[in-house]
Amino acid sequence: MSKIRIFALAKDLNVDSKRMLEILHDMGVEAKTASSSIDEETAELVKALIAEENKPAAPVAAVAPEPQPEPEPVVQKEIPHRPPVVTIMGHVDHGKTSLLDYIRKTKVAEKEAGGITQHVGAFEAITSGGKVVFIDTPGHEAFTSIRARGASVADVAVIVIAASESLMPQTREAIAHAKAAKVPIIVAINKIDLPNANVDKVMTDLMQVELVPEAFGGETITVPISARTGEGVDKLLENILLLAELEDLRADPEGEFKGVIIEAKVDKQAGVLATVLVQNGTLEVSDFVVVDELYGKVRAMTDGFGERVSSATPGTAVQILGFSETPVAGELVARSKNEHLAREIIETTKQKRLDAASAKAAAKRLQSQSAAMSLEQLLGKPGEIPVEKRVVTLVVRADTQGSLEALNGILARENKEDVEVNILLAGIGAPTEGDVLLASTAEGAKIMCFSVTASGGVKKMADLKKVEIKTYRIIYELIEDVQKMIRGTIEPTYEERLIGKAEVRMIIKVPKAGGNIAGSYVLEGKLMRNGKARVIRAKKEIWKGTIAGLKRFKDDVREVMHGFECGINLNGFDEFEPGDIIEVSEVVEISA
């Protein structure tokens with residue numbers, strides 16, 4: 001028996017979704033939300049009940065009432081609906097750009113959509129059911145930054161998944177970002193026109209990330225589409241509008257102005273250009289706007305087609321010229337009556353920041369002083385020790401699914417009454433820049449890697465965002481560090497860094513010394529006496545230890561640089577073969 005979504009039935013019967021849930025509750029049908037589904041039999045009973053309610057009452061003998069003065073009509077202003085704001089996310093090459101391009105070409109009214117992204121990073125799609133605003137920002141950084149600053153910009157997140165590949169690392173990452181932002185998710189299963197498309201596999205795999213499709217009795221809307229042919233795209237837009245109707249999105253064009261920075265850049269000719277999504281009220285040229293500790297006067301404003309406009313209403317993204325410095329994506333935008341008031345707002349913001357910093361410093365000093373006191377001095381009575389719940393926030397990366405499952409299981413056991421291990425994302429493969437961005441949204445979050453290492457670009461971003469990445473080869477070393485984090489006594493850790501590599505060219509036999517020396521050529525970096533070394537043969541490690549000595553001709557030396565020949569004596573190994581690779585590393589301390 002097929003299922004019917006509650007809010008769709010409510011729309012057909014011209015009944016408010018909340019009223020529909022009340023009716024079902026009275027009938028004994030438990031439904032969590034209006035996006036839940038009911039069977040056809042229940043739907044027919046609901047239709048009959050509503051028809052009975054709407055039936056006109058039988059006429060009765062009327063008694064002429066006493067004439068009463070007509071009351072003054074009470075006019076209540078109804079806040080109009082606004083279009084939903086949608087962000088599209090997913091794995092690389094799964095069709096995000098193709099989907100946006102198709103919608104641009106077919107759903108943008110009477111104007112050429114080319115070049116929209118370079119203007120404002122957003123565009124409006126006109127459909128038979130109304131307008132939809134798409135935020136077209138590269139990557140997930142703006143999405144996460146906006147969520148971290150508390151500005152709810154996206155109403156719906158569309159996760160694009162290729163039916164030919166199913167869930168990939170960036171897919172899981174995108175879903176984690178959408179869940180963190182607490183926005184409704186619609187899954188667009190793309191590339192259904194390919195011969196190797198497998199929609200059923202995608203539907204099944206979604207359950208791994210706790211997204212249960214409607215077809216399996218869950219709440220997640222899934223729409224098979226082809227961004228190349230356009231198949232299913234209209235249905236996708238229809239579902240976006242249905243969700244928007246369920247959320248009852250409204251904004252007052254005449255109300256207090258509220259907006260959010262989507263992106264900002266510096267143009268060599270024009271200066272600072274900031275893209276603002278208007279969320280409430282109306283933004284006009286010559287308005288003074290305030291963003292955190294910046295303010296500016298709107299000198300010019302362009303829409304998604306690069307055309308000058310004088311005002312922007314809710315659900316409109318515009319690019320404004322007027323800031324002297326670049327605002328940060330995700331910051332809220334307010335409006336000021338004049339420049340003097342804008343300056344006052346900024347000074348108040350600065351003072352609040354300084355006060356917060358002072359209060360934090362004072363709290364740290366108090367904590368330091370309290371730590372030096374005995375428990376009896378601090379608590380007064382023995383046994384009255386308050387339990388403070390400690391939260392450890394992690395992004396976990398592992399080399400295989402088996403390792404990841406083992407880690408998740410062990411970490412789950414660390415959850416206790418006074419401890420919570422909060423895993424933002426757990427995935428297979430090396431950490432990504434998206435992982436760093438996700439971790440940066442939670443205070444103190446760390447990225448823990450098992451048998452995988454971060455690339456140079458990811459490490460650089462982690463340094464910039466002040467997110468710590470720790471790498472482990474033994475699973476229980478990772479667990480031990482998590483336990484130290486829980487106790488608040490994390491210690492500095494160390495890692496080996498490759499500093500040089502040499503190739504064995506010949507074997508030098510030294511009978512008096514009772515062993516062999518490897519006549520070698522330094523291929524890269526440098527070799528150091530007492531450095532940690534490992535011997536690689538046929539791409540496999542056959543020995544690991546330390547360098548006992550280095551020789552240049554007959555002289556003992558401390559180090560040998562790239563491009564020179566030398567003799568290598570290892571501590572406890574002399575079974576060299578020509579072609580062996582000797583890798584040398586040093587142990588460096590990583591700050592905790």
Side-chain angles (χ1 to χ4, degrees), residues 82-87 104 108 111-125 131-138 141-143 145-146 149-155 251-346 349:
R82 65 167 176 82
V85 179
V86 180
T87 185
R104 283 192 190 101
V108 178
K111 292 186 179 181
E112 176 57 42
I116 287 177
T117 306
Q118 67 184 357
H119 285 303
V120 298
F123 71 93
E124 300 169 0
K131 184 169 73 172
V132 180
V133 179
F134 287 92
I135 301 296
D136 186 12
T137 50
E141 180 172 6
F143 191 73
S145 299
I146 287 166
R149 290 172 176 82
S152 178
V153 59
D155 302 305
D252 186 359
E254 300 176 7
E256 182 181 356
F257 174 77
K258 178 185 174 185
V260 64
I261 299 291
I262 297 298
E263 61 183 17
K265 63 181 180 180
V266 178
D267 185 271
K268 292 181 180 179
Q269 295 179 338
V272 177
L273 298 174
T275 300
V276 177
L277 175 68
V278 179
Q279 297 176 304
N280 199 67
T282 300
L283 182 64
E284 298 181 345
V285 173
S286 298
D287 281 346
F288 283 93
V289 286
V290 180
V291 178
D292 193 33
E293 296 180 11
L294 298 176
Y295 83 94
K297 183 179 181 180
V298 181
R299 301 203 304 269
M301 190 159 53
T302 55
D303 64 10
F305 303 97
E307 296 182 359
R308 291 287 187 99
V309 292
S310 59
S311 63
T313 53
T316 304
V318 288
Q319 192 175 76
I320 65 172
L321 175 67
F323 287 108
S324 58
E325 297 179 41
T326 307
V328 178
E331 291 286 2
L332 293 174
V333 185
R335 181 169 53 194
S336 171
K337 292 180 180 179
N338 51 53
E339 186 173 6
H340 175 72
L341 185 56
R343 289 180 182 274
E344 284 188 355
I345 294 172
I346 287 174
T349 302

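These numbers come from the heavy atoms of this one structure, side chains and all, not from hydrogens, waters or symmetry mates.
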#### Entry: Pairwise side-chain contact, Ser310 with Met301, heavy-atom cut-off 4.5 Å (strictly under)
no

### Query
Do the side chains of Thr349 and Ile346 get nearer than 4.5 Å, heavy atoms only?
no

### Query
If you draw a 6.0 Å radius around CD in Glu325, do more than 12 non-hydrogen atoms from other residues or ligands fall strictly inside?
no

### Task
Applying side-chain hydrogen bond (donor to acceptor under 3.5 Å, both in side chains) between Arg82 and each of Thr313, Asn280, Asp155, report the one that passes.
Asp155

### Message
So, taking the atom named CZ in Arg308 and the one named CG in Leu321, what distance separates them when rounded to the nearest 0.5 Å?
### Response
8.0 Å

#### Entry: Atom of Val133, atom of Gly315 and distance for their closest heavy-atom approach
CG2-O, 2.9 Å

### Task
Run through Val290, Val289, Val272 and flag the one making a side chain to side chain contact (heavy atoms under 4.5 Å, CB included) with Pro327.
Val272

### Task
Give the minimum heavy-atom separation between Val276 and Phe257, together with the two atoms involved.
CG1-CZ, 4.4 Å

#### Entry: Phe323 vs Val291 side-chain heavy atoms within contact, under 4.5 Å
yes

#### Entry: Gap between atom CD1 of Ile345 and atom CD of Glu293 - 0.5 Å precision
13.0 Å

### Message
Side chains of Val132 and Pro83, heavy atoms from C-beta outward: is any pair under 4.5 Å?
### Response
no

### Task
State the CD1-CD distance between Ile261 and Glu331, to the nearest 0.5 angstrom.
8.5 Å

### Query
Closest heavy-atom contact between Pro314 and Gly281?
CD-O, 3.1 Å

## Note on the structure
CG of Asn338 to NZ of Lys297, rounded to nearest 0.5 Å, is 10.5 Å

### Query
In a check of side-chain hydrogen bond (donor to acceptor under 3.5 Å, both in side chains) between His340 and each of Lys337, Glu344, Arg343, which one passes?
Glu344

#### Entry: Heavy-atom check, side chain of Leu283 versus side chain of Val333, under 4.5 Å
no

### Query
Do Asp252 side-chain atoms and Glu254 backbone N/O form a donor-acceptor pair below 3.5 Å?
yes

### Query
Is there a side-chain contact between Thr316 and Asp303 (heavy atoms, below 4.5 Å)?
no

#### Entry: Gly322 versus Arg299, closest heavy-atom pair with distance
CA-NH1, 3.9 Å

